[in-house]
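Below is one structure, written out as structure tokens; the observations come after it.
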Amino acid sequence: MKQPQLQVNQLSFGYHGEPVLRQVSFSMQAGELMCLLGPNGVGKSTLFRCILGGNSGYQGEILLDGKNIRTLKQRQLAQWVGYIPQNSVPVFGYSVYDTVLMGTTVSLGMFRNPGKAQQQAAQKAIEQMGISHLSRRSVAQLSGGERQLVMIARALAQKARFLLMDEPTANLDYGNQLRVMRMVRELSRQGYGILVSTHSPEHALQYADRVLVLKEGQVLCCGEPGKVLDAPTLSKAYDVGIQVHQVQQGDKSYRVVLPDET
Amino acid sequence: MGNKERKKREGTVSDHRLLLLGLGGLFLVCFFGSFLLGRYAVSLQELIDVFAAMLGREVELSSAVQATVWGVRLPRIISAAAVGASLSMAGLCYQGLFRNPMVSPDVLGASAGAGFGAALGILLGFSYWATSTFAFGCGLAAVALVWVVASQVRQSPIVGLVLGGIMVSSLFSSGISFIKLVADPNDTLPEITYWLMGSLSAIRLEEIGAALLPMTVGAVVLFVLRWRLNLLTLSEEEAQSLGVNTRLLRAIVVLCSTLMTAACVSVSGMIGWIGLVIPHFVRMITGYDYRVTLPASLLLGASFMILVDDLSRTLTTSEIPLGILTSFVGAPFFLYLILKEGKRQ
């Protein structure tokens with residue numbers, strides 16, 4: 001069966017005439033985990049905003065399952081694409097349950113309140129993320145890792161096939177970073193197409209099916225991390241010396257990233 | 001599935017049904033109890049008789065009692081309830097919209113605009129009716145001006161609204177100061193000052209009837225949108241990604257809250273604090289879900305305002321302006337809430 005596709009063709013965008021994204025093209029499928037790498041300010045969040053419909057003044061086109069997203073209403077777009085924002089403490093301390101329930105809004109008309117179906121969807125998403133015990137707690141009081149799981153649960157309740165995650169591992173301790181990335185990969189195996197921006201090439205090497213590297217608003221490379229993430233590419237992407245080594249563990253080989261101080 | 005389990009699944013609304021019922025009871029007690037308070041004594045029996053007579057029973061009643069209940073107290077109680085409910089609801093919605101619990105209903109200049117309109121109306125010798133209408137119009141115009149300014153700020157619509165609100169409020173406030181400066185200090189100036197401090201003493205049933213229309217329209221629309229108001233508290237990108245047309249929703253909320261605030265100021269003058277304190281208190285006892293906080297703010301705001309108005313007309317022989325009382329009661333209460341919240345964390 002053919003999986004739905006997210007396709008970005010020749011996307012260019014600028015703020016006040018200052019170009020941020022230049023001729024960015026890539027595509028990904030549902031069921032695929034793609035990592036987005038690139039230095040600070042390279043336009044990762046801008047790219048997300050374009051796909052989410054928040055930046056309409058771009059050139060080029062973004063297609064979802066063959067449909068140009070310009071022709072979709074905000075609500076129709078939200079039925080396709082979910083967004084998991086960077087970790088931040090909300091101003092208002094909604095409970096975990098209420099927060100996840102907000103994800104179901106996409107299935108409601110303007111004047112409707114969530115009903116049985118929405119409540120069940122929220123409950124299911126909470127159980128899926130294994131955070132039922134937090135259901136009544138305020139999101140503002142959770143740890144960063146827990147809050148990230150709540151945000152993912154909200155996106156699951158939204159039932160969108162594609163998820164955009166803005167640095168889900170930022171500000172998390174090492175254990176939580178791995179836990180969140182494992183969860184993300186597990187979700188992609190369940191059929192979600194996930195685009196994750198991250199600052200760790202290791203995450204891309206370890207978990208991603210494909211990687212997209214941006215440099216100065218352009219695509220530096222796109223492909224399988226084991227093939228395209230080598231020392232010259234990473235050094236060029238971040239403008240520092242970086243070594244990539246092969247480590248043999250049993251019959252599997254891993255790539256590890258080290259700083260090149262020579 | 002056990003009963004407890006089901007309750008958990010239904011979320012916050014059913015948990016708070018009892019609380020809302022309680023607040024409804026409180027409101028009814030305040031509403032009917034206030035008929036008994038005031039300079040002219042009305043006993044409980046007389047009050048019951050008045051309502052019985054309205055329902056077609058044959059009872060003996062003095063016309064003074066009837067005039068007091070229908071002509072004096074009813075308009076005041078209704079307007080106090082309407083003003084308290086409207087300001088509380090508008091404050092609650094603005095606080096979500098601006099993602100800031102410290103915002104009050106006058107953030108976009110509706111109060112300053114309406115105050116300016118009223119001051120100008122009094123200066124030009126308009127009738128009460130014309131003054132109110134003019135005040136209402138100026139309140140709407142002030143917010144429309146803010147909206148136009150904000151639409152020029154590209155990056156963040158919220159920042160644009162805040163800055164525009166500060167600018168327009170300050171503009172109209174200096175307009176009020178100027179009018180006070182040129183007003184006749186013997187009669188016009190005291191009238192303007194008294195009006196600005198907020199009072200319901202001059203209100204009649206026809207006038208509150210006209211103001212009830214925009215208040216009701218605003219309240220009904222906000223109530224219908226109560227679930228979506230929750231999503232407005234998220235960041236712009238988050239709300240959009242959840243399928244909310246944030247521009248449209250924000251415009252509707254601003255319009256409704258403005259209608260309600262301007263209508264309040266145009267009948268009662270400037271009454272501060274209520275739009276700040278009541279939503280704060282409500283969130284403390286019920287949490288954040290607008291499906292609960294909106295009706296709770298309506299009921300509690302109405303009850304609180306009725307009580308403050310009772311104080312205003314019973315404490316001393318001459319009436320104390322409402323704005324003074326709400327600050328007097330509201331500010332310390334607010335401080336108490338903040339201290340209590342601080343302790344809890």
Side-chain angles (χ1 to χ4, degrees), chain A residues 15-16 45 48-49 51-55 73-86 88 90-95 97-108 110-114 116 118-120 122-123 132 135-136 138-141 151 154-155 157-158 160 163-164 166, chain B residues 1 5-15 92 95-103 154-155 220-249 252 279 283-284 286-294 341 344-345:
Chain A
Y15 294 109
H16 311 295
S45 302
F48 279 4
R49 219 170 292 135
I51 301 174
L52 290 167
N55 285 343
K73 292 206 175 88
Q74 194 69 48
R75 195 176 140 206
Q76 293 170 311
L77 185 58
Q79 285 166 338
W80 275 104
V81 186
Y83 171 61
I84 291 139
Q86 220 177 88
S88 64
V91 183
F92 293 104
Y94 283 94
S95 71
Y97 178 84
D98 284 343
T99 304
V100 175
L101 194 59
M102 287 186 207
T104 65
T105 306
V106 68
S107 65
L108 295 166
M110 182 95 173
F111 304 118
R112 299 285 301 278
N113 285 335
K116 271 252 146 51
Q118 283 75 26
Q119 286 163 5
Q120 277 167 5
Q123 202 66 37
S132 302
S135 192
R136 290 296 179 115
S138 156
V139 176
Q141 291 167 354
M151 292 296 126
R154 186 178 72 186
Q158 190 176 347
L163 303 179
L164 307 187
D166 198 355
Chain B
M1 189 166 60
E5 182 77 8
R6 182 174 309 140
K7 205 168 175 197
K8 202 170 165 187
R9 179 165 286 190
E10 280 168 4
T12 52
V13 178
S14 56
D15 299 3
L92 182 76
Q95 286 161 13
L97 180 91
F98 289 101
R99 288 176 223 120
N100 182 346
M102 294 296 159
V103 158
R154 291 263 178 81
Q155 284 306 315
V220 166
V221 174
L222 289 176
F223 187 73
V224 169
L225 290 170
R226 61 196 182 282
W227 169 251
R228 291 202 166 228
L229 295 176
N230 290 319
L231 284 98
L232 219 49
T233 67
L234 305 173
S235 75
E236 183 85 2
E237 274 117 52
E238 274 179 278
Q240 282 181 347
S241 76
L242 292 172
V244 177
N245 184 340
T246 47
R247 291 164 68 109
L248 178 66
L249 187 58
I252 295 176
R283 276 195 299 265
M284 248 176 84
T286 72
Y288 294 85
D289 188 347
Y290 274 89
R291 290 176 296 169
V292 181
T293 54
L294 203 65
E341 217 161 341
R344 211 171 37 165
Q345 276 173 359

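By convention in this document, chain letters (A, B, ...) are assigned in the order of the sequence lines, proteins followed by strands, and residues within each chain are numbered from 1.
Within the 4.5 angstrom heavy-atom criterion, atoms from both the backbone and the side chain of B:Arg99 approach chain A. In this structure, the portions of A:Leu108 lying under 4.5 Å from any heavy atom of chain B include both its backbone and its side chain. Only the backbone of A:Val81 comes within contact range of chain B, with heavy atoms under 4.5 Å apart. Only the side chain of A:Arg154 comes within less than 4.5 Å of a heavy atom of chain B; its backbone N, CA, C and O stay farther away.
The candidate from A:Leu77, A:Leu101, A:Thr105, A:Thr99 with the greatest count of non-hydrogen atom pairs under 4.5 Å with chain B is A:Thr105. Between chain A and the options B:Ser235, B:Ala239, B:Gly243, B:Gly287, the largest number of non-hydrogen pairs under 4.5 Å is found for B:Gly243.
The distance from atom CG of B:Asp289 to atom CZ of A:Phe92, rounded to the nearest 0.5 Å, is 13.0 Å. Rounding to the nearest 0.5 Å places OG of A:Ser138 at 6.5 Å from OH of B:Tyr288.
Of the N and O atoms on the side chains of B:Asn230 and A:Tyr94, at least one donor lies less than 3.5 Å from an acceptor on the other residue.
A:Met102 and B:Trp227 make their closest contact through CA-CZ2, 3.5 Å (heavy atoms, listed as atom of the first residue, atom of the second, distance). Contact detail for A:Gly103 and B:Leu242: the closest heavy-atom pair is CA-CD2, 3.9 Å.
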Take A:Asp98 and B:Arg291 through the side chain to side chain contact (heavy atoms under 4.5 Å, CB included) test and state the conclusion after the steps.
-> CA-CA 11 Å; A:Asp98 284 343; B:Arg291 290 176 296 169; 4.2 Å; yes

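Under the side-chain contact (heavy atoms from CB on, under 4.5 Å) criterion, A:Tyr83 pairs with A:Phe48, A:Leu52, A:Pro85, A:Leu164, A:Asp166, B:Glu237, B:Glu238, B:Ser241, not counting sequence neighbours. Take B:Leu225 and apply the side-chain contact (heavy atoms from CB on, under 4.5 Å) test, not counting sequence neighbours, and it matches A:Met110, A:Phe111, B:Val221, B:Leu249, B:Ile252.
Remark: side-chain polar atoms of A:Gln74 are paired, donor with acceptor, to backbone N or O of B:Gln240 under 3.5 angstrom.
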